[in-house]
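Just so we're on the same page: letters track the sequence lines, and every chain starts at 1. Remember, predicted model here, so these are calculated numbers, not experimental data.
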Number of protein chains: 2
Amino acid sequence: MPSIQDVAQLAQVSTATASRALSRPDMVAQTTRERVLKAARQLGYQPNVLARGLRQGETRTIGVIVTDILNPFHATLAKGIQDAADRHGYVAFLFNSDEDPAKERRALDTLRGHLPQGLILVPTSGAREHLKAMPDLPVVELDRVTGRPDATTVTTDNTGGGAAATRHLIELGHTRIGMIVGQQDISTATERHDAYRAALHAAGLTYDPALVLPGNHREDDGYRAAMHLLSLPADHRPTALFVGNNEMTVGAVLAARALSLRIPEDLSIVGFDDSRWAQTMTPPLTVVAQPAYDLGVQACELLLRRLSASGNRTPARVQLPTTLILRHSTAPPARPRSGASGPDPSAAHPPVTPSTGPPRA
Amino acid sequence: MPSIQDVAQLAQVSTATASRALSRPDMVAQTTRERVLKAARQLGYQPNVLARGLRQGETRTIGVIVTDILNPFHATLAKGIQDAADRHGYVAFLFNSDEDPAKERRALDTLRGHLPQGLILVPTSGAREHLKAMPDLPVVELDRVTGRPDATTVTTDNTGGGAAATRHLIELGHTRIGMIVGQQDISTATERHDAYRAALHAAGLTYDPALVLPGNHREDDGYRAAMHLLSLPADHRPTALFVGNNEMTVGAVLAARALSLRIPEDLSIVGFDDSRWAQTMTPPLTVVAQPAYDLGVQACELLLRRLSASGNRTPARVQLPTTLILRHSTAPPARPRSGASGPDPSAAHPPVTPSTGPPRA
DNA sequence: CATCTCAATGTAATCGTTTGCAACTGGTTT
DNA sequence: AAACCAGTTGCAAACGATTACATTGAGATG
């Protein structure tokens, strides 16, 4: 790798002038500038980010930690962030926490050594604690929220989305609506859960804890939870399911199939977060859609704005709307027939193996 | 951020000793070492990667460029790489080229400034040219291949996979087998294409160029190409389709649905690359599966091995096998009837039958 | 006891940039 | 002609780590 010394030598100037010609064009005479630029081009000079970062303290780098890069929602967030960062001449370093606070911690430590100027984080339950160790790093919490008092956050309207989904099912005539909800120490999960409960109450329906099962955001959890709910005796079994995230929705659909329940005739399903899978499965899935790419872009721009104008009071919280997209996985409940002679659930071993992702650590 | 100076001061030693206590534990007396370690812990010291990298020339960093992070195949590659890098104490910087040579070029330049010790690249068509500018950077070409004479590569057996897919369709009795193939300047696309042609010839079938349409790897392209092929007059229309990558397969399936063609009764489809979508769509898709996660891991380990033992002749080319996974999107061709006026496919719920994926590592 | 050895530590140079300050140029003002 | 100016350029000091080399001191050896 040619250094700025090589460029300077070839252009017959000092390194100082060479440096200025490249980054402060107006401080140097036109003819010298051209000489330097030409030399740089000729050598294929590329400034050494390490040296520059060391000297300036500015790395033009931001860190990004998502919880699951294989989840299309998170991949889209990441892409939105990277595209936006790129437009502003920043580089985004992407890490993965796999929903594991310990891994998140390690990612943070690694990142810190690279002196990022800011951090965009989809927090795990440990994040609040971890962030205490780095009080002067500007952080944007994305999608979820740690609850730190004056955090900057970019989220979606989980409450509105959860309410819309639940109301939709109620309006179709469902009265036993089950929910598969994420970990209760994750803000999005509790918000969606609360919205579901509130919507039931508002409609005069009772909230039945037996119809609400927790999962850990992954497909398997959705499968297991749905299996349990759908195997309840016919007069307790929910006729509709609201599932709290996209991965678990896949599991729930597979569980319904495994039990030979037809969607939407025997079971209505609303998922959270749209995806190609949701659009193209049969039947196409009714979902609460989130503007994932935009979330990423907003988070990045918000962070960069904070970085440049540290005094300037830019908004600390951005919330984007959700959209209920009606497709064909929801319908009025079936008229109660006698002995909803569903297949014996205990005998029904999953004919469709829930697809597991690559090995999780 | 505390520096090693702060640590040294607190531990009452010189920076040299502090540095040694941290990275050459055996060069320093036990009592001092403990003092330094304690000071470091107390201050939350995290070595400045920039300074270290600058001094040592070693950044313990590798660059990764994939062509589409939103494609689950590529996301899985990236995850495999990052997990493997992490295990070896390396950090992987992930970039996206969006199949665009110009973007790839920019990513390479940016990357270069960060002095990565190696690069893992899913090359675009411009890569061969771009890499000339950086002759001393160790590169592993992943999934695709640029054709540079002594490149290190990690790929899958596209030829075997393409042959298996085509043979499978031939054995079912198909004689008009269409193919939707990727850009012909991408190695995977030509290999799969060649394998398809060879398999036809081996079976005594003629290769009909009219049944082979190119696409640019994205869903839209698959949709358009399939639309075209499936709109041919009934006696020219292919009864089976072999689609050259996962994204285009989605498009092809949607096109078939749009034309109310039942799969597999009216049209058999084999895709390349497995995915959750392929596993859970109706009917579950027959595919040529690739070990994506493993590809990433292998690429990373190969690169790191090359880095450490530069003299040592480690293998330059790794090829992993593909697996033809039979599901339910393929069947013998329909007896030639007139008019494809099948029932509305959206009403048809084919029985869900076991569709176990390949054993995942 | 003088000397040698070796382990432990310190001093200072170094990596490639940026940048405060000084120095030089040629022209303009007093 | 002295003083001043603005526009260019160079010198050299940082940034934070590592490491070649020098130094120290204590114990071993003759």
Under 4.0 Å from OP1 or OP2 of dT9(C): is there any side-chain N or O of S14(B) that close?
no
Could you check how far CG of L54(B) sits from P of dA14(D), rounded to whole Å?
17 Å
From L22(B) atom CG to R20(B) atom CZ, the distance as rounded to the nearest 0.5 Å:
11.5 Å
All N/O pairs under 3.5 Å across the protein-nucleotides 23-28 of chain D interface:
none

Aromatic ring proximity, centroids under 6.0 angstrom, H114(A) and F93(B)
yes
How long is the line joining CG of L43(B) and P of dG16(D), in whole Å?
14 Å
H114(A) has an atom NE2; how far is it from atom C1' of dA17(D), in whole Å?
14 Å
Would you mind reading off the distance between E58(B) atom CD and dT14(C) atom P, rounded to a whole angstrom?
20 Å
State which of dA13(D), dT9(C), dT11(C) makes the closest approach to the side chain of R55(A).
dA13(D)
Atom CG of L121(B) and atom OG1 of T153(B): how far apart are they, to the nearest 0.5 Å?
12.0 Å
Phosphate oxygens OP1/OP2 of dT17(C): is one of them under 4.0 Å from a side-chain N or O of T15(A)?
no
Would you mind reading off the distance between Q5(B) atom CD and dA17(D) atom C1', rounded to a whole angstrom?
9 Å
When you check the gap from the basic side-chain N to the acidic O, do D68(A) and R218(A) get nearer than 4.0 Å?
no
Between CD of E34(B) and P of dA8(C) the distance, given in whole Å, is 13 Å
Is Q56(B) near enough to dC15(C) that one of its side-chain N or O atoms lies under 4.0 angstrom from OP1 or OP2?
no
Salt bridge between R106(B) and D86(A), side-chain N to carboxylate O under 4.0 Å?
yes
Might you confirm whether atom CD of Q9(A) has over 12 heavy atoms from other residues, nucleotides or ligands at distances under 6.0 Å?
no
Give me the residues of residues 19-30 of chain A where at least one heavy atom lies under 4.0 Å from an atom of DNA chain C, by number, or none.
S19(A), R20(A), R24(A)
dG16(C) P sits how many Å from N48(A) CG, rounded?
7 Å
Salt-bridge test for D83(A) and K79(A): reply yes if a basic N is under 4.0 Å from a carboxylate O, no otherwise.
yes
Out of dT9(C), dT19(D), dT17(C), minimum distance to the side chain of I4(A) belongs to dT17(C)
Around atom CD of Q12(A), are there more than 12 heavy atoms of other residues, nucleotides or ligands at under 6.0 Å?
no
I want to confirm an ordering. Mapping T31(B) and R52(A) to their closest nucleotides on DNA chain C, which one lands closer to the 5' end?
T31(B)
Rounding to an integer number of Å, can you tell me how far L50(B) CG sits from dA17(D) P?
10 Å
Across all chains, not counting sequence neighbours, the side-chain contact (heavy atoms from CB on, under 4.5 Å) partners of A107(A) are I65(A), F95(A)
For V49(B), report the nucleic acid contact type (base, sugar-phosphate, nothing); a contact means any heavy atom under 4.0 Å.
nothing
So that I can tick it off, tell me whether E141(A) and R144(A) are bridged by a salt bridge, with the cut-off set at under 4.0 angstrom between side-chain N and carboxylate O.
no
